[in-house]
K.L.:
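First the structure, then my questions, so here it is.
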Amino acid sequence: MFANKLRWIAATLVLLLALTACGSNTGTGSSDPKDSSSTFVVEHAMGKTEVPENPQRVVILTNEGTEALLALGIKPVGAVKSWLGDPWYDYLADRMKGVEVVGTESDINLEAIAALEPDLIIGNKLRQEKWYDHLSQIAPTVFSETLRGDWKINFELYAKAVNREEKGQELMEAFDRRIKEIRNQLGDQVNQEISVVRFMPGNARIYYKDSFSGVILDQIGFKRPPSHDKQEFADEVTKERIPDMEGDVLFYFTYETGDGEAVKTEKEWTGDPLWKKLKVVKSGNAHKVSDAIWNTGGGILAANRMLDDIEKFFLKDKH
């Protein structure tokens, strides 16, 4: 208790020092006055916030938001740790050198954020609502509403918050064009029913349409097994539900953080007689893919890498 109290006092002092350095809650985290000479208002999940027109020191509090900033040409000064990797996903590591870790999506570090003197903070209501008032005292703070399948909606908000809407629109149009091209090349293959499964320490899930991979599969035009064809996120299932994983093609990914527990679950389930009896497994159409790319990355960079996988598995003879 005493240690927790000391930690809270230290956090409060850091916040007060950050506010004193900023002068006021106007987003002047950068030492260059011209960086925040112009501002504009952004409407977001928590209301309306006045943000700098040209933010120089951005802290991002979601994995998908990190991808959005990088795609928009902005390297954050601070970011939450990737769900997988040390501390970033492998495909982001080179681009994130020098970026400070400010906790995780579910447990952000207010002291670390304040110490970076940001002029803009971007986060998410689903993950960080309880910290919003504290964050707003450090710098102008913009929150997206939720995660799961809303990555394109969030990307649009993030592009607006950093005043790069035109660049954001170009990137999204390029992604949508790529989706259209893949759909055209797929032809009748698009009518196949796709099943998506995730293995985690001690349990497994079937993923539906309101998930990161689900939204992309739906945009391409793939069908889903009837019991998966719903605007929901996922169901945690027991082994008795393995037959419900059936599809024409099955993609599965494993959330392994390094202790081997998720891999153990994967081996247990994929070695089960019910799994081996699945027609999709017998036909060789059950494919293991990256959890970071198909699920936890959750942003535009992961989305394009997921399309790479789709091309590899369905269009390999055409490339």
K.L.:
Any side-chain heavy atom of Val197 within less than 4.5 Å of one from Trp269?
P.N.:
no

K.L.:
Applying side chain to side chain contact (heavy atoms under 4.5 Å, CB included), can you list everything that pairs with Asp218, at least two apart in sequence or on another chain?
P.N.:
Lys209

K.L.:
Pro55 and Pro52: which non-hydrogen atoms are nearest, and at how many Å?
P.N.:
CD-O, 3.5 Å

K.L.:
Taking atom CG of Leu171 and atom CG of Asp176, what is their separation to the nearest 0.5 Å?
P.N.:
11.0 Å

K.L.:
Would the number of heavy atoms belonging to other residues, nucleotides or ligands and lying under 6.0 Å from NZ of Lys276 be above 12?
P.N.:
no

K.L.:
Tell me, please, which residues at least two apart from Glu240 pass side chain to side chain donor-acceptor pair (under 3.5 Å).
P.N.:
Thr238

K.L.:
Kindly give the heavy-atom pair with the smallest separation between Arg164 and Leu72, and that separation in Å.
P.N.:
NH1-O, 2.8 Å

K.L.:
Under a 4.5 Å cut-off applied to non-hydrogen side-chain atoms, are Asn154 and Thr62 in contact?
P.N.:
no

K.L.:
Considering residues, nucleotides and ligands other than Gln231, do more than 12 of their heavy atoms fall under 6.0 Å from its CD?
P.N.:
yes

K.L.:
Under 4.0 Å between a Lys/Arg side-chain N and an Asp/Glu carboxylate O for Glu266 and Lys288?
P.N.:
yes

K.L.:
Can you find a side-chain donor-acceptor pair between Tyr208 and Asp229 that sits under 3.5 Å?
P.N.:
no

K.L.:
Is Arg198 close to Asp291 at the side-chain level, that is, under 4.5 Å between some pair of heavy atoms?
P.N.:
yes

K.L.:
So how far is it from Gln189 CD to Ile194 CD1, rounded to the nearest 0.5 Å?
P.N.:
9.5 Å

K.L.:
For the CH2 atom of Trp88 and the CG atom of Asn63, what is their distance to the nearest 0.5 Å?
P.N.:
8.5 Å

K.L.:
Between Asn163 and Asn54, is any pair of side-chain heavy atoms under 4.5 Å apart?
P.N.:
no

K.L.:
Taking atom NZ as the centre, does Lys167 end up with more than 12 heavy-atom neighbours from other residues, nucleotides or ligands that are less than 6.0 angstrom away?
P.N.:
no

K.L.:
Take Glu236 and Met200 through the side-chain contact (heavy atoms from CB on, under 4.5 Å) test and state the conclusion after the steps.
P.N.:
CA-CA 10 Å; Glu236 193 168 306; Met200 303 170 71; over 6 Å; no

K.L.:
Please check if any side-chain donor atom of Glu261 sits under 3.5 Å from a side-chain acceptor atom of Tyr255, or the reverse.
P.N.:
no

K.L.:
Check the pair Ile293 / Leu301 against side-chain contact (heavy atoms from CB on, under 4.5 Å), numbers first and verdict last.
P.N.:
CA-CA 8 Å; Ile293 291 169; Leu301 302 180; over 6 Å; no

K.L.:
Can you tell me if Thr265 uses its side chain to pair, donor with acceptor, with the backbone of Gly202 under 3.5 Å?
P.N.:
yes

K.L.:
Hey, does Met96 have a side-chain heavy atom less than 4.5 Å from the side chain of Thr66?
P.N.:
yes

K.L.:
Please check this pair: side chain of Arg183 against backbone of Gly221, looking for a donor-acceptor N/O pair closer than 3.5 Å.
P.N.:
no

K.L.:
Is there a donor-acceptor pair under 3.5 Å between the side chain of Glu232 and the backbone N or O of Asp210?
P.N.:
no

K.L.:
Check the hydrophobic clustering (I, L, V, M, F, W, Y; side-chain heavy atoms under 4.5 Å; chains of links allowed) and say if Ile300 and Leu147 are grouped together.
P.N.:
no

K.L.:
Are Leu61 and Val102 packed together at the side-chain level, in the sense that at least one heavy-atom pair is separated by less than 4.5 angstrom?
P.N.:
yes

K.L.:
Is any side-chain N of the basic residue among Arg178 and Glu311 closer than 4.0 Å to the acidic one's carboxylate O?
P.N.:
yes

K.L.:
Measure the spacing between CZ of Arg224 and OG of Ser195 and express it to the nearest 0.5 Å.
P.N.:
7.0 Å

K.L.:
Would you call Tyr252 and Val196 a side-chain contact if the rule is heavy atoms closer than 4.5 Å?
P.N.:
no

K.L.:
Please find the pair of heavy atoms, one from Ala292 and one from Leu84, that lie closest to each other, and give the distance.
P.N.:
N-CD1, 4.0 Å

K.L.:
What verdict does the ring-ring contact (aromatic ring centres under 6.0 Å, His included) test give for Phe143 and His44, after you've listed the backbone C-alpha separation in whole Å, the side-chain angles of each residue and the deciding distance to 0.1 Å?
P.N.:
CA-CA 6 Å; Phe143 270 14; His44 58 101; 7.1 Å; no

K.L.:
Does the plane of the ring in Phe314 sit parallel, tilted or perpendicular to the ring in Phe222? Use 30° and 60° as the thresholds.
P.N.:
tilted

K.L.:
According to the side chain to side chain donor-acceptor pair (under 3.5 Å) rule, which pairs have a member within residues 92-101, sequence neighbours left out?
P.N.:
none

K.L.:
If the threshold is 4.0 Å, N to carboxylate O, is there a salt bridge linking Glu105 and Lys81?
P.N.:
no

K.L.:
Would you say Lys230 and Asp235 make side-chain contact, with heavy atoms under 4.5 Å?
P.N.:
yes

K.L.:
What's the spacing between Leu69 CG and Phe155 CZ if we round to 0.5 Å?
P.N.:
9.5 Å

K.L.:
With a sphere of 6.0 Å drawn around CD of Gln169, does it hold more than 12 non-hydrogen atoms of other residues, nucleotides or ligands?
P.N.:
no

K.L.:
For Arg205, check side chain to side chain donor-acceptor pair (under 3.5 Å) against everything at least two apart and list the hits.
P.N.:
Tyr207

K.L.:
With ring-ring contact (aromatic ring centres under 6.0 Å, His included) as the criterion, how do Phe212 and Trp294 come out once you've worked through the C-alpha distance, each side chain's angles and the decisive distance to 0.1 Å?
P.N.:
CA-CA 7 Å; Phe212 177 69; Trp294 280 66; 8.9 Å; no

K.L.:
Side-chain donor-acceptor pairs under 3.5 Å in residues 242-250, sequence neighbours left out?
P.N.:
from: Asp244; atom 1: OD2; to: Arg241; atom 2: NE; distance (Å): 2.4
from: Glu246; atom 1: OE1; to: Lys279; atom 2: N; distance (Å): 2.8
from: Glu246; atom 1: OE2; to: Lys279; atom 2: N; distance (Å): 3.4
from: Glu246; atom 1: OE2; to: Val280; atom 2: N; distance (Å): 2.9
from: Asp248; atom 1: OD2; to: Glu193; atom 2: N; distance (Å): 2.8

K.L.:
Strictly by side chain to side chain donor-acceptor pair (under 3.5 Å), give each pair with a member in residues 138-147 just once, sequence neighbours left out.
P.N.:
Asn124-Ser144, Ser144-Tyr158

K.L.:
Within this structure, what is the CD1-CD1 distance for the pair Ile108 and Ile121, rounded to the nearest 0.5 Å?
P.N.:
8.0 Å

